Amino acid sequence: MVKGSIESVYILGLGAMGGMYAAKLYDWRPESVKIIVSPARRAALERTGITINGKSYTFHYVSPEDQPSPADLVIVAVKSTQLAQGIRDIRGFIGNDTVVLSLLNGISSEEMIGGEIGMEHLLYAYGIGMDAVREGSAIRYTNPGRIVFGEKNNAVLSDRVLTIRDLFERAQIPCQVPADMQRALWSKFMMNTGINQVSAVLKAPYGLFQQNEDARKLMLMASQEVLVLSRHCGIDLDQSDVDEFVRVLDSLDPAGKTSMLQDIEAGRKSEVDLFAGTVVGLGKKYGVPTPVNETLLRIIRVMEGARAGDACNQEG
């Protein structure tokens, strides 16, 4: 990355969130953005195309086999279940000055990526507040949310943080650089642990949690277990983080759906191990009861198993 400017942005993952931000970058400067895909996925996308809020996009697709020039910025927007392959796919796009932003859920993807390509390339990041939904080759959204990113400590903004913030502002991608990035990551983890999992179990869009007291309470019970664990991990989330979570939730399109609900409906493997699995594991480590997340973990695993069984029966 040339100090003060970013000429090339490569995006891995063209789901609801990745597609939404790819479109914003393309609308700003089409030549700046490329989508990393496998050859098979590339052929499918070139055949079907993709529309975002009704507008058709013809992105420039690149494959790891193409041996392209290193990127200034790589944005990783795949699911946690695809991360291991994703890390292999981005290796060829990493140069000495490449910066990588991982928008994955959870609190561990940066370390996983950095362990393979070097932590010096990573900034911490996540997306929040968007209500994008992908159905087939169409993505729609009303709220683009924002990308929260930065170094672990942003008391003084680094050159690369300033450069990427300038890029996002030019592309009209809302963004935020918090002073304490680790606390911000845990806050998002708390939010996802509640809304993603309970929405998947109830098969409910955001509107139910905005209107139904019992659904909202169940969501907050799951999140509360993360808040308690954060105190054992030196993060110390508090009620202000819960209040911000609720504020964001109430701003979303009532018809919008969480990524986990979309996974369950599409028959894809969910990220339950990333959420409830992590909470239950930390609970055992610190001797903290996590009954709500233990229950959600078992229910969602049963739902996934039942869906897999249905598919096998249909094939038979």
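Only heavy atoms go into these numbers, but all of them, side chains included; no hydrogens, no water, no symmetry mates. What you see is a predicted model; the values in this text were computed from it and never measured.
A donor-acceptor pair under 3.5 Å links the side-chain atoms of Ser230 to the main chain of Leu227, judged by distance alone. Panel note: side chain Gln197, backbone Ala276; a donor-acceptor pair is recorded below 3.5 Å. The backbone N or O of Thr98 sits less than 3.5 Å from a side-chain atom of His121, completing a donor-acceptor pair. Checking side-chain atoms of Asp131 against main-chain N and O of Tyr141 turns up no donor-acceptor pair under 3.5 Å. Judged by distance alone, with hydrogens and angles left aside, the side-chain atoms of Gln262 form a donor-acceptor pair with the main-chain N or O of Lys257 at under 3.5 Å. Side-chain N or O atoms of Tyr286 include none that pairs as donor or acceptor with a backbone N or O of Cys233 at under 3.5 Å. In terms of modelled atom types and a separation under 3.5 Å, the side chain of Glu151 and the main chain of Ser158 share no donor-acceptor contact. Of the possible polar contacts, none joining the Arg42 side chain to the Ala44 backbone as a donor-acceptor pair under 3.5 Å is found. Using modelled atom types, no side-chain atom of Lys188 and backbone atom of Asn105 make a donor-acceptor pair closer than 3.5 Å. Proximity of a side-chain donor or acceptor of Tyr206 to a complementary backbone N or O of Ile195 within less than 3.5 Å is not detected.
Residues Ser259 and Asn196 bring a donor and an acceptor atom of their side chains to less than 3.5 Å of each other. Side chains of Ser270 and Asp263: a donor-acceptor N/O pair is absent below 3.5 angstrom, by distance only. In summary, the side chains of Glu271 and Ser80 do present a donor paired with an acceptor at a separation below 3.5 Å, with no hydrogens or angles considered.
Counting heavy atoms from C-beta outward, Val279 and Leu297 have side chains that stay 4.5 Å or more apart. Looking only at side-chain heavy atoms (C-beta outward), Leu261 and Lys203 come within less than 4.5 Å of each other. Contact check for Trp28 versus Val33: no side-chain heavy atoms found under the 4.5 Å cut-off. A 4.5 Å side-chain heavy-atom check between Arg140 and Glu135 finds at least one atom pair inside the cut-off. Looking at Glu7 and Arg29, their side chains come closer than 4.5 Å, going by heavy atoms from C-beta outward. Considering only heavy atoms from C-beta on, Leu104 stays 4.5 Å or farther from Met112 through its side chain. Contact annotation: the side chain of Arg247 approaches that of Glu244 to within less than 4.5 Å [non-hydrogen atoms, C-beta and beyond]. In this structure, Glu65 and Pro39 have side chains that are in contact, with non-hydrogen atoms separated by less than 4.5 Å.
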Glu304/Ile264 under side-chain contact (heavy atoms from CB on, under 4.5 Å): CA gap, chis, key distance, verdict
CA-CA 7 Å; Glu304 291 179 331; Ile264 291 294; 4.2 Å; yes
For side-chain contact (heavy atoms from CB on, under 4.5 Å), just list the numbers for Leu25 and Leu167, CA-CA rounded to whole Å, side-chain angles, deciding distance to a tenth of an Å, and then say yes or no.
CA-CA 9 Å; Leu25 287 162; Leu167 168 73; 4.2 Å; yes
Could you walk me through whether Val226 and Leu282 pass side-chain contact (heavy atoms from CB on, under 4.5 Å), step by step?
CA-CA 9 Å; Val226 177; Leu282 288 173; over 6 Å; no
Test salt bridge (charged side-chain N to carboxylate O under 4.0 Å, His left out) on Arg170 and Asp166 and set out the steps.
CA-CA 6 Å; Arg170 290 175 182 273; Asp166 179 68; 2.9 Å; yes
Go through it in stages, so that I can follow the logic: the residues are Asn143 and Leu252, the test is side-chain contact (heavy atoms from CB on, under 4.5 Å), and I'd like the CA-CA distance, side-chain angles, deciding distance and then a yes or no.
CA-CA 7 Å; Asn143 188 340; Leu252 299 177; 4.2 Å; yes
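The residue from Met20, Met130, Gln172 that alone fulfils the side chain to side chain contact (heavy atoms under 4.5 Å, CB included) condition with Pro144 is Met20.
The OG1 atom of Thr193 sits 8.5 Å away from the CE atom of Met260 when rounded to the nearest 0.5 Å. Note that the CD1 atom of Ile52 and the CD1 atom of Ile139 stand 4.5 Å from one another [nearest 0.5 Å]. In this structure, Asn192 CG and Leu274 CG are separated by 8.0 Å, a value rounded to the nearest 0.5 Å. Between Ile128 atom CD1 and Leu103 atom CG the span is 12.0 Å, to the nearest 0.5 Å. Rounding to the nearest 0.5 Å gives a distance of 6.0 Å between CG of Leu101 and CD1 of Ile75. If you take CG on Leu229 and CD1 on Ile235, they are separated by 11.5 Å, rounding to the nearest 0.5 Å.
Dense packing is recorded around CZ of Arg231, with more than 12 heavy atoms of other residues, nucleotides or ligands lying under 6.0 Å away.
Note: the hydrophobic cluster containing Val133 does not contain Val198 (ILVMFWY, side chain heavy atoms under 4.5 Å, direct or indirect links).
The two residues Ser38 and Ser63 come nearest to each other via the heavy atoms C-OG, 3.8 Å. The two residues Ser223 and Phe245 have their closest heavy-atom pair at OG-CE2, 3.3 Å. Heavy-atom minimum distance, Phe149 versus Met181: C-SD, 3.6 Å. The heavy-atom pair separating Pro70 from Ser8 by the smallest distance is O-OG, 4.0 Å. Across all their heavy atoms, Val37 and Pro64 have their closest contact at O-CD, 3.6 Å. Across all their heavy atoms, Pro291 and Pro289 have their closest contact at CD-C, 3.4 Å.
Glu213 and Arg216 are not joined by a salt bridge, as no carboxylate oxygen comes within less than 4.0 angstrom of a charged side-chain nitrogen. Salt-bridge formation is detected for the pair Arg183/Asp238: a Lys NZ or Arg NE/NH1/NH2 atom is positioned less than 4.0 Å from an Asp or Glu carboxylate oxygen.
Below 30°, between 30° and 60°, or above 60°: for Tyr57 and Phe59 the angle between ring planes is below 30°, a parallel geometry.
Applying the salt bridge (charged side-chain N to carboxylate O under 4.0 Å, His left out) test to residues at least two apart or on different chains, the pairs with a partner in residues 106-121 are Arg91-Glu116.
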